[in-house]
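Everything on this sheet refers to the single structure shown next.
Side chains are part of it too, since the values below use all heavy atoms of this structure and drop only hydrogens, waters and symmetry mates. The structure presented is a predicted model; accordingly, all values stated were derived computationally and were not measured. Just so we're on the same page: letters track the sequence lines, and every chain starts at 1.
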Amino acid sequence: MSKAAELANLIGNINAGGGGVNRNVIINGAMNVAQRGTSFTVTNEFGLDRWFCRENTDGALTFSQDSTSPDGFSKSLKVNVDTADSSIGSSQFAYLAQRIEGFNIETFAFGSSPAKTIVLSFYVRCSVTGTFGGAITNGGNDNRSFAFTYDVNSANTWERKSVTIVGDTTGTWNIDNSQEMAVFWSLGAGSGHKKAKGSWDATASVQSASEASVELIGNASATWFITGVQLEVGQNPTEFEHEPFETTLRKCQRYLLRYPNDGGTNGGYTRYGIGQIISSSETEVSIYPPVHMRDDPSLTIGGSASDYYIWNANDADALSSMNVEGGSTMEYIVVNCNGSGMTAGRAGSLNAYSNSTNFLQFDSEL
Amino acid sequence: MEIKNAQYKKNPQGKLSSIECEIDGVKWSVPNGSEGNRHYAEILKQVKEGTLTIQDAD
């Protein structure tokens with residue numbers, strides 16, 4: 001895009017109520033943040049931060065972070081078809097999606113007469129050419145949907161695509177911390193998950209357009225890459241809004257916070273939080289996340305509880321279980337640590353034994 | 001989500017503060033009563049559907 005065209009788009013979008021900084025409601029659109037890891041064969045779980053991977057066919061996919069990228073980017077999200085399914089049933093589907101929090105779409109004014117036109121843009125590279133499908137919905141409400149298509153014109157070549165979406169003046173689009181919008185890139189969808197493109201209606205479970213002619217998962221060993229994803233107010237796409245890595249990481253940590261093993265800085269004995277020993281078997285540890293998490297998080301850990309201990313007064317009391325406290329606020333998280341041989345009244349820190357697989361992971365995803 | 005082996009856990013004050021369970025083969029501690037938490041919402045859904053039972057706390 002020429003600079004003149006870029007400037008015209010930006011001015012046009014500012015006049016439409018968009019533009020400026022923080023105009024992109026997609027988080028981790030450049031695929032740089034990967035707290036959970038970099039390769040996933042999941043069928044119903046998040047992969048790279050904020051990106052939900054779903055596969056419910058007779059095929060199999062791998063989702064991974066990749067260094068194949070267009071100019072101006074260093075990472076992309078790659079989907080590889082490990083096992084093809086060339087006859088997708090009507091209720092089967094596979095997709096990549098981003099679920100968007102209601103607070104972040106307030107500027108769209110959806111569900112009211114001033115609803116604004118928005119534009120989705122992204123870079124895509126695929127080994128298969130043709131017309132692909134996707135959709136935008138009102139997320140967890142799932143009673144408003146808009147299907148779209150995009151064309152891959154040249155195999156294995158980065159192309160930038162954009163889809164302009166008229167604002168939805170009706171339906172439920174709450175401004176809160178729940179999932180109020182979802183954007184889908186279909187990787188294969190049965191007829192039960194498609195509808196005609198280009199308009200809003202109340203059809204549920206939509207992830208693709210009837211006009212889409214390519215189902216990626218039907219092509220053995222096919223590859224599909226995406227990066228530079230942006231969703232903003234306006235008629236035309238503006239240049240992808242790059243932001244400092246730390247800014248994207250902090251945005252991601254509202255939904256997923258992973259404290260890894262420190263890699264040996266302290267001999268691998270990572271300190272996760274400080275607490276008080278309540279009894280011979282219980283210590284209450286407080287952990288202060290760097291950002292307010294979206295809601296009370298769940299906790300999973302790397303390894304087993306016995307890989308962690310309470311360090312207190314030169315004692316190391318091994319743990320048998322760790323549980324997150326319901327009713328923790330979004331400002332701090334309480335982890336109840338259970339073990340034996342503790343001395344009530346002491347302060348202690350929650351530490352990991354030297355093990356590279358240790359981590360604490362708090363999940364408040366949508 | 002496939003959820004198995006769900007059991008309530010008490011905090012040091014005796015309150016049922018969390019639910020320990022396996023979700024898709026991974027052990028999780030899920031905050032009890034946090035309806036905005038996706039894991040808790042799914043646990044509630046499966047309990048309501050009768051496909052999941054939460055064991056009492058020890």
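- A perpendicular orientation is assigned to the rings of A:Trp173 and A:Phe110, their planes being inclined by more than 60° (bins at 30° and 60°).
- Both the backbone and the side chain of A:Leu299 come within contact range of chain B, judged by heavy atoms closer than 4.5 Å.
- For the 3.5 Å distance criterion, the side chains of A:Ser320 and A:Asn338 fail to qualify, holding no donor opposite an acceptor.
- Side chains of A:Asn44 and B:Asp24: a donor-acceptor N/O pair is absent below 3.5 angstrom, by distance only.
- Note: A:Tyr353 and A:Tyr308 fail the aromatic proximity criterion, with ring centroids not under 6.0 Å apart.
- Inspection of non-hydrogen atoms places B:Pro31, B:Asn32, B:Ser34, B:Gly36, B:Asn37, B:Arg38 of residues 31-38 of chain B under 4.5 Å from chain A.
- With hydrogens and angles left out, the side-chain atoms of A:His193 and A:Ser205 include no donor and acceptor closer than 3.5 Å.
- Taking the six-membered ring where tryptophan is involved, the planes of A:Tyr95 and A:Phe52 are tilted, since the angle between them lies from 30° to 60°.
- Scanning residues 41-58 of chain B against chain A with a 4.5 Å heavy-atom cutoff picks out nothing at all.
- More than 12 non-hydrogen atoms from other residues, nucleotides or ligands lie less than 6.0 angstrom from CD of B:Gln13.
- Interface residue A:Gln361: backbone and side-chain heavy atoms are both found under 4.5 Å from chain B.
- The contact between A:Asn323 and chain B is made by backbone and side chain atoms together, counting heavy-atom distances below 4.5 Å.
- Only the side chain of B:Lys9 comes within contact range of chain A, with heavy atoms under 4.5 Å apart.
- Cation-pi geometry between A:Arg50 and A:Tyr255 is met: under 6.0 angstrom from the ring centre, within 45 degrees of the axis.
- In A:Lys251, the NZ atom is crowded: over 12 heavy atoms of neighbouring residues, nucleotides or ligands sit closer than 6.0 Å.
- Here A:Glu365 does not pair with A:Arg99 in a salt bridge; the nearest charged N to carboxylate O distance is not below 4.0 Å.
- Residue A:Glu106 qualifies as open at atom CD: its count of foreign heavy atoms under 6.0 Å is 12 or below.
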